[in-house]
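The structure appears right after this line, and notes come after that.
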Amino acid sequence: RRGEMAKSAQLIDNEVVRAFATHAAIVLLKMMLMSLITAYFRITRKAFVNPEDTASFGKGESAKKFLRTDPDVERVRRGHLNDLENIVPFVGIGLLYALSGPDLSTALLHFRIFTGARILHTFAYLIPLPQPGRGLSWAVGYAVTFSMAYKVLKTAWFL
Amino acid sequence: RRGEMAKSAQLIDNEVVRAFATHAAIVLLKMMLMSLITAYFRITRKAFVNPEDTASFGKGESAKKFLRTDPDVERVRRGHLNDLENIVPFVGIGLLYALSGPDLSTALLHFRIFTGARILHTFAYLIPLPQPGRGLSWAVGYAVTFSMAYKVLKTAWFL
Amino acid sequence: RRGEMAKSAQLIDNEVVRAFATHAAIVLLKMMLMSLITAYFRITRKAFVNPEDTASFGKGESAKKFLRTDPDVERVRRGHLNDLENIVPFVGIGLLYALSGPDLSTALLHFRIFTGARILHTFAYLIPLPQPGRGLSWAVGYAVTFSMAYKVLKTAWFL
């Protein structure tokens, strides 16, 4: 068994794979953070969607008034969905990119810019910053993922 | 070609990778099941969102009344979105974790608890169970993913 | 370091992995395209959700009227969410499937049918085609992912 373990560990010994693992874990944790922020706003704004979540506020009509939408909750939820739409392609394409043998410096450039752009995007969405702050940070992350996809398709092309 | 096949097959020969593959496939299939449950409730409750989906119920006003939201449909859809928000990080971080060389027993503990927690979460959401049933099952899955991310970052750290 | 690079590059040298990488990149890029189509409809239909996005249309009430939902925008968004719900399982299960040592011809059959079905699904959703066009294209992609999951579970089973 030790031999098999070693074989699989080889992959994470590769510096590009290590850099990908680090950045992928960071952006996925950042995405997970959106759940906590949503929960925070739901509780402080008292704005819930499931009747069973308001049971602790009393019964009947007194609890029903907390089944409502709140602009701050909806804003965090939109940021969370935008993360799903953009971080999922990054993780999928980024892993294939890391396996396509890019230069370490080029790969780091891609990973670092994407991670920075998505962190900026979250601040731009939640503060919120005036446009085109959010739009630009979104576009930068999008372009990085597109660039990695181009490298994957050029290296792996087998339709 | 046989040599290349063998090389890639080595990865799935690793017991941690096999355990990850099994649990990842199970939770992804569980997530896919939500689509079928949504379709089931849309058809039995006659609650659709696309006009072309109600064409078989007749034309004009008689079909239009089925373009509506239904509490049961919306509940399944929220469960589905919650799966996306939590199972995506598990699959991404879990794969990197499996490649970071954890002990088999520790890895199995993580994978089994996550899979169990997400299955419980679905039951808690759909029945629905009173809180904190759903909240706790969500938190357990969240904590497992966080613990795996910590191991990935500790092993792979390369920013 | 060159040795390590070579080791990780071996994976992408495998023809099944190359075929997976090509199809996964294509469907993920297709999913990313939905963001651009959403933006296109939001701008041409002037239907936004974030107040800061309408600032360029003037202040106060004159901008507020563009904070509205539009049927075309909502349709693209539903197509985008459906992509997330179906392409995420394909990418996750498909990668594990590619590592489970399938025949190249069987793997290509799975990948090609899934990619074709999801492209058809997008056209069926956006045109829109009458049912069961969209339903069938969805079901075909679903069945392909299910078939791959069966192979993964049969090969890797380790609960």
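Lettering follows sequence order; numbering is per chain, from 1. It should be emphasised that the depicted structure is a prediction, and the values quoted were computed from it without experimental measurement.
Residue A/Ile87: no heavy atom, backbone or side chain, is found under 4.5 Å from chain B. A/Ala55 does not touch chain B: none of its heavy atoms, backbone or side chain, sits under 4.5 Å away. Contact annotation for B/Leu153: only side-chain heavy atoms (C-beta onward) come within less than 4.5 Å of a heavy atom of chain A.
Highest contact tally toward chain B, considering only A/Asp83, A/Asp53, A/Leu81, is held by A/Asp53 [criterion: heavy-atom pairs under 4.5 Å]. Counting heavy-atom pairs closer than 4.5 Å to chain A, the top residue among B/Asn82, B/Leu95, B/Val88, B/Asn86 is B/Val88. Each of B/Leu96, B/Thr155, B/Thr145, B/Val152 has some count of heavy-atom pairs under 4.5 Å with chain A, and the biggest count is that of B/Leu96.
Listed by sequence position, the residues of residues 24-50 of chain B in contact with chain A number zero, using a 4.5 angstrom heavy-atom cutoff. Listed in order of number, the residues of residues 107-132 of chain B that approach chain A to under 4.5 Å between heavy atoms are B/Tyr125, B/Pro128, B/Leu129, B/Gln131.
Under the rule for a salt bridge (charged side-chain N to carboxylate O under 4.0 Å, His left out), the partners of B/Glu52 that lie at least two apart in sequence or sit in another chain are C/Arg75, C/Arg134.
For residues 140-159 of chain A, the ring-ring contact (aromatic ring centres under 6.0 Å, His included) pairs, not counting sequence neighbours, are A/Trp138-A/Tyr142.
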